Amino acid sequence: MRRDLESHLENIAGIISGASGEIYVASHPSADPDSISSLIALSHLVKSIGSETQPKFIAVNGVASNAAKLLEVGEESDLYSVIDYTPQRGDLLVVLDAPDCGRASISCDVYEHVYIIDHHALNGDPARYGGGRTHVLRDEYYTSTTEIVVQLLKILGERTPVELDRGISTAILAGLLYDTRVLQHPSIIALDSAQYLMMHGASIGDALRLIQTEMGLDEKIARVKGIMRARAYRVNGYIVCISHVGAHESSLAQLLAAAGCDLAVVLSDKEDHLRISLRCSQNLCRDEVDLESMLLKKLSSTVGARYGGHRRAAVASTPKLPMGEVESRIISILESFFGSDLKPLKP
Ligand SMILES: [Mn+2]
């Protein structure tokens, strides 16, 4: 793993030193704290390598509200600039926290080099890269994209000074804390990266404050309506919950999981597709069982769903079908997976 990272660092340094044009960075739609913290770490890496070129972050697909403050910190520290257009050409595009250009919702065809740095396990789409040379640093072993970039910084720091101050270290730590649920599910590399950042002055409390947001009224309403609409089933000692909302589907899925649903499925009717947010408990999704093997693979072959994410937290989108139809399809896939009927829990 270490040797792998060393050779990626060398590769990245080589591309950056040879780059005469722009360096761009993109992430998945509604970029989250892990996206932005890895953007900050990457921009610091570019600077520490000795490049005069400042990365430009392509923000056309939006930034989540809990990542907005982080984005400002990096901008104010003069590490990168944020653009709201799609470039026509560039030397290098780094895709952070997304497994390919498709999931980053970006066309990668105009770049000489595309570098993917990611930790997502599931990708239910045929991988889409750019027209140029594609380099992939992607391993689901990692619990955040941020920790991968921090390791690159750490290795670089063994050869050349990397001047990380307290503010930047704290902003980088925020994304790592976010994806590991405040170190509840860290890889050993995440712990090592957190230690590295804290040795440079990062504070866990300050990092958490950077990504804290007050929940908006619309999100609260979506969550409450979603709970009122939820149907729950018992099957083989597990609880399966299904609901639907207009927006904030992942927030509701998380809430249902916290309530005790082993599998939470939340549908949301979007303009031209159905979006499905899923969570699976550690109790149900273990060993060989994950969201892909239980549901997503079949949903993809029967209704053409595309999906991505992790083994126990994922999103899928299907063509715009009636919600009831997709729901009964999901139930029948689950019944054949469990080999038993889903029995409704009565309120
Ligand atoms: Mn992530």
Side-chain angles (χ1 to χ4, degrees), residues 1 5 8 25-45 57-59 61-71 73-74 93-106 115-125 127 136-153 171-194 197 202 207-208 210-213 249-251 253-254 257 277-280 285 290-292 307-316:
M1 199 159 258
L5 288 172
H8 275 291
V25 179
S27 187
H28 53 77
S30 170
D32 66 12
D34 188 31
S35 310
I36 304 304
S37 287
S38 45
L39 165 68
I40 295 171
L42 179 84
S43 303
H44 200 75
L45 184 80
F57 178 63
I58 307 170
N61 297 314
V63 174
S65 57
N66 59 358
K69 238 186 272 172
L70 282 180
L71 189 65
V73 171
L93 172 73
V94 182
V95 175
L96 295 172
D97 204 36
D100 62 42
C101 301
R103 288 219 75 83
S105 275
I106 193 164
Y115 227 105
I116 311 273
I117 304 179
D118 184 40
H119 70 119
H120 285 90
L122 309 183
N123 187 16
D125 270 337
V136 182
L137 198 186
R138 176 176 163 219
D139 196 323
E140 62 171 284
Y141 163 80
Y142 297 108
T143 42
S144 64
T145 299
T146 302
E147 74 201 53
I148 305 175
V149 187
V150 170
Q151 289 298 310
L152 296 175
L153 262 179
I172 296 174
L173 183 62
L176 190 156
L177 294 176
Y178 181 74
D179 261 32
T180 59
R181 303 217 175 277
V182 198
L183 302 176
Q184 284 183 65
H185 306 286
S187 68
I188 292 168
I189 298 292
L191 293 176
D192 182 76
S193 300
L197 293 168
L208 291 176
L210 278 173
I211 52 176
Q212 220 169 40
T213 47
E249 55 277 2
S250 70
S251 175
Q254 220 165 305
S277 186
L278 306 113
R279 293 290 182 281
C280 183
C285 280
D290 62 20
L291 286 168
E292 186 173 49
Y307 58 89
H310 304 282
R311 298 186 61 219
R312 302 199 293 110
V315 284

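The structure presented is a predicted model; accordingly, all values stated were derived computationally and were not measured. As the structure lists them, so they are numbered: ligands from 1, and atoms in each ligand from 1.
- Asn61 and His28 are not linked by any side-chain donor-acceptor pair at a separation below 3.5 angstrom, with hydrogens and angles left out of the test.
- The Mn ion (ligand 1) has an N, O or S atom of His119 closer than 2.8 Å.
- Summary: OD2 is the N/O/S atom of Asp34 found nearest to the Mn ion (ligand 1).
- His8 and Tyr115 have their aromatic ring centers within a separation under 6.0 angstrom.
- Taking the six-membered ring where tryptophan is involved, the planes of His310 and His119 are tilted, since the angle between them lies from 30° to 60°.
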Q.
Checking Asp179 against Ser144 for the side-chain hydrogen bond (donor to acceptor under 3.5 Å, both in side chains) test, could you report, in this order, the C-alpha distance in whole Å, the side-chain angles of both residues, the deciding distance, and whether it holds?
A. CA-CA 6 Å; Asp179 261 32; Ser144 64; 5.7 Å; no
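- At a cut-off of 2.8 Å, Asp179 coordinates the Mn ion (ligand 1) through an N, O or S atom.
- The Mn ion (ligand 1) has an N, O or S atom of Asp97 closer than 2.8 Å.
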